[in-house]
Novice: 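Here it is, the structure in full.
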Amino acid sequence: SAMPNSPPESISGKMNTSAAAQALTAFLTRHRLGGRFGVAVSGGGDSMALLVLAAEAGVVGAVVSIDHGLRPEASEETGVVATLCAALGVTHTVLRWHHDGHGNLQAAARAGRRALIAEWAQKRGLAGVFLGHTLDDQAETVLMRLARGSGVDGLGGMAEATTVDGVPFLRPFLSVSRASLRAELTARGIGWCEDPSNRDARFARVRAREALAALAPLGLDAAGLARTATRMQRVRQALQAQVSQVLSAHVREAAGTVVLAPAVLDLLPEIRDRVFLHCLRGLTGAAYPPRHAALVRWIEAAQAGRAAPLMGCILRPERDGLRLFREPAAVAGLVAPADGLWDGRWRAEPGPGADPGAAAAGLVMRALGQEGLLALSRGAAAGRHGHWRDTGLPRAALEAQPGLWCGDTLVAAPGAGWVAGWRLRVASVVPGRAGGQGAPGRDEAAQLPAD
């Protein structure tokens, strides 16, 4: 239920020297951030305090609230945010998300919220989006992941800065307590909303919050768990530095596939698994990794000489290493305009011999599949181009590559030997590799999940 106090007609412009204000200033300096930022505000105490402090720091460009359509109180809460924004002279937008009925509701709401906010920020040209997560949120996250048996990545908790669809999502208050932020609002006479779900023990985070309160007398408190998260993040950075060295030395890219040298299998398991996971997520753009046990079984199958699928990719043992590529079934239904982005990595570009109006004429990119390879075989037999086998790529890898189609007719397959005035560019999986060729890369660090 909402507990809105009417915000004052104006917010003091005096320099704030509180711990929260100093944390925001230090965050901006540490990450060398400048410009105008969006602020995601739910109406709760944490995000309302973030809005006020960011406004006083002069870095707010616009504010966004998400109405998930799941609680009748949501409209009242966004109204509280709108009132504060009016007092601050800041533009406020309410975006509405609707559940399609598929998958886990909480996970779907989180993904939908992130996508909506990222799109909103891009359209407004904002330098990033501030989120109001606190030290207490960090501690609860670490405790929940500890209960799941997480390793270094999970115990590292939430990162200060992540990227969603190319937009920086920023958490400046991971070192600031929830109570401190509410004190900032109280000192200004500004109220906030209390979500009743924050007291519902059916939710894991609420149970973690209660457990922390019970464990505090034993010395296991929010501040200690947050310090653990910081140390685990440092360990994760060190591990990722080693992974980057391995990627540069032992991983190469070939026509959209990834080839890992046999030496990768001899690495320490923690590094080996991260290398494979980095490549997997680079190919798929997946937001979440597979279960660690599934990842290990997949690698062990390849060690035993068996090709195996995981996360929509196939790992296939070959004479000079292990080739990783998209599974044909995973991309069979993907369609993009000829001038669009296919599977998050591929772009087609017309050359001198291509029709410049082809995209407008309905030409699309979709996977070659068996149908495309059959058409290529016929073309090779007729002498129009070389055979797709001459590429040296596995049949399944070519089936998962895009071709240019007009209806059911294959117009070009640049990756399979039939250029027809077109060429393909594909994003690089290996950081810093010059093979990016114009499409956006996957720049998230490899993170290992818990079992």
Novice: Under 3.5 Å, side chain of Gln138 to main-chain N/O of Thr230, donor-acceptor pair present?
Specialist: no
Novice: Taking all heavy atoms of Gly256 and all of Arg345, pick out the closest pair and write down the distance.
Specialist: O-NH1, 3.2 Å
Novice: Quick check for you: to the nearest 0.5 Å, what is the distance between Leu239 atom CG and Asp273 atom CG?
Specialist: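 Here the rounded value is 11.5 Å.
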Novice: Leu185 and Gly45: which non-hydrogen atoms are nearest, and at how many Å?
Specialist: CD1-O, 3.4 Å
Novice: How far does CG of Leu155 sit from CG of Leu225, to the nearest 0.5 angstrom?
Specialist: 9.5 Å
Novice: What I'd like to find out is whether the side chain of Asp165 reaches to under 4.5 Å of the side chain of Glu119, using heavy atoms alone.
Specialist: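 Side chain of Asp165 against side chain of Glu119, heavy atoms only: no contact under 4.5 Å found.
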Novice: Side-chain donor-acceptor pair under 3.5 Å between Glu160 and His31, yes or no?
Specialist: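 Their side chains do contain a donor-acceptor pair, which is all the 3.5 Å distance test asks for.
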Novice: Is there a donor-acceptor pair closer than 3.5 Å between any side-chain N or O of Trp342 and the backbone N or O of Leu334?
Specialist: yes
Novice: Could you check whether any side-chain N or O of Ser150 sits under 3.5 Å from a backbone N or O of Leu146, counting only pairs where one atom can act as donor and the other as acceptor?
Specialist: no
Novice: Any heavy-atom pair between the side chains of Arg96 and Val94 that's under 4.5 Å?
Specialist: yes
Novice: Between Glu399 and Leu368, is there a donor-acceptor pair closer than 3.5 Å when you use the side chain of the first and the backbone of the second?
Specialist: no
Novice: Backbone N or O of Ala21 within a donor-acceptor pair of the Ser18 side chain at under 3.5 Å?
Specialist: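 Indeed, once roles are kept as given, a pair shorter than 3.5 Å links the two residues.
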Novice: For Ala396 versus Pro328, what's the shortest heavy-atom pair and its separation?
Specialist: O-CG, 3.3 Å
Novice: Is a salt bridge present between Arg145 and Glu140, judged by a nitrogen-to-oxygen distance below 4.0 Å?
Specialist: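 Judged by the 4.0 Å cut-off on N to carboxylate O distance, Arg145 and Glu140 do not form a salt bridge.
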Novice: Return the CZ to CZ distance between Arg113 and Arg110, rounded to the nearest 0.5 Å.
Specialist: 7.5 Å
Novice: Going through the checks in order, is the side-chain contact (heavy atoms from CB on, under 4.5 Å) test met by Phe169 and Arg114?
Specialist: CA-CA 9 Å; Phe169 276 38; Arg114 287 160 59 95; 4.2 Å; yes
Novice: Within the 4.5 Å heavy-atom criterion, are Asp136 and Ser177 side-chain neighbours or not?
Specialist: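 The answer is yes, as the side chains (C-beta and beyond) meet within the 4.5 Å cut-off.
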Novice: Taking CZ in Arg231 as the centre, count heavy atoms belonging to other residues, nucleotides or ligands within less than 6.0 Å. Is the count above 12?
Specialist: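 No.
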Novice: Find the distance between CZ (Arg182) and CH2 (Trp192) and round it off to the nearest 0.5 Å.
Specialist: 6.0 Å
Novice: Under 4.0 Å between a Lys/Arg side-chain N and an Asp/Glu carboxylate O for Asp137 and Arg171?
Specialist: no
Novice: List the atom of Val429, the atom of His278, and the distance in Å for their closest heavy-atom pair.
Specialist: O-NE2, 2.9 Å
Novice: Shortest non-hydrogen contact from Val39 to Trp120?
Specialist: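 That closest heavy-atom pairing would be N-CH2, 4.4 Å.
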Novice: Looking at side-chain heavy atoms only, is the closest gap between Phe130 and Leu51 below 4.5 Å?
Specialist: no
Novice: Check this for me: does any side-chain nitrogen of one of Arg326 and Asp343 sit under 4.0 Å from a carboxylate oxygen of the other?
Specialist: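 Yes, Arg326 and Asp343 are salt-bridged.
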Novice: If you define the side chain from C-beta out and look only at heavy atoms, does anything of Pro172 sit under 4.5 Å from Leu28?
Specialist: no
Novice: To the nearest 0.5 Å, what is the distance between CH2 on Trp298 and SG on Cys313?
Specialist: 6.5 Å
Novice: Kindly say whether Val60 contributes a backbone atom to a donor-acceptor pair with the side chain of Arg36 at under 3.5 angstrom?
Specialist: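 Yes; at least one donor-acceptor contact below 3.5 Å.
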Novice: Could you tell me if the side chain of Ile66 sits less than 4.5 Å from the side chain of Ile117, heavy atoms only?
Specialist: yes
Novice: Okay, side chain of Ser180, backbone of Val176: is any donor-acceptor separation there less than 3.5 Å?
Specialist: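 Looks like no, no N/O pair under 3.5 Å.
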Novice: Where the side chain of Trp422 meets the backbone of Ala348, is there a donor-acceptor pair that is under 3.5 Å apart?
Specialist: no
Novice: Thinking salt bridges, do Asp339 and Arg347 make one under a 4.0 Å N-O criterion?
Specialist: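 No, this pair does not count.
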Novice: Side chains of Thr257 and Leu324: does their closest heavy-atom pair fall under 4.5 Å?
Specialist: no
Novice: When rounded to the nearest 0.5 angstrom, what distance separates CD in Glu76 from SG in Cys193?
Specialist: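 SG of Cys193 is found 6.5 Å from CD of Glu76.
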Novice: Does some side-chain heavy atom of Asp153 sit less than 4.5 Å from a side-chain heavy atom of Met232?
Specialist: no
Novice: Would Arg178 and Asp46 count as a salt bridge (charged side-chain N to carboxylate O under 4.0 Å, His left out) here? Give the steps.
Specialist: CA-CA 6 Å; Arg178 190 174 291 139; Asp46 304 338; 3.8 Å; yes
Novice: Test side-chain contact (heavy atoms from CB on, under 4.5 Å) on Val258 and Val251; report intermediate values, then the result.
Specialist: CA-CA 7 Å; Val258 176; Val251 177; 3.4 Å; yes
Novice: Quiz question: by atom type and distance under 3.5 Å, do the side chains of Ser42 and Glu77 form a donor-acceptor pair?
Specialist: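 There is no such pair between these side chains.
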Novice: Can you check side-chain contact (heavy atoms from CB on, under 4.5 Å) on Phe27 and Leu33, steps first, answer last?
Specialist: CA-CA 8 Å; Phe27 181 89; Leu33 298 173; 3.6 Å; yes
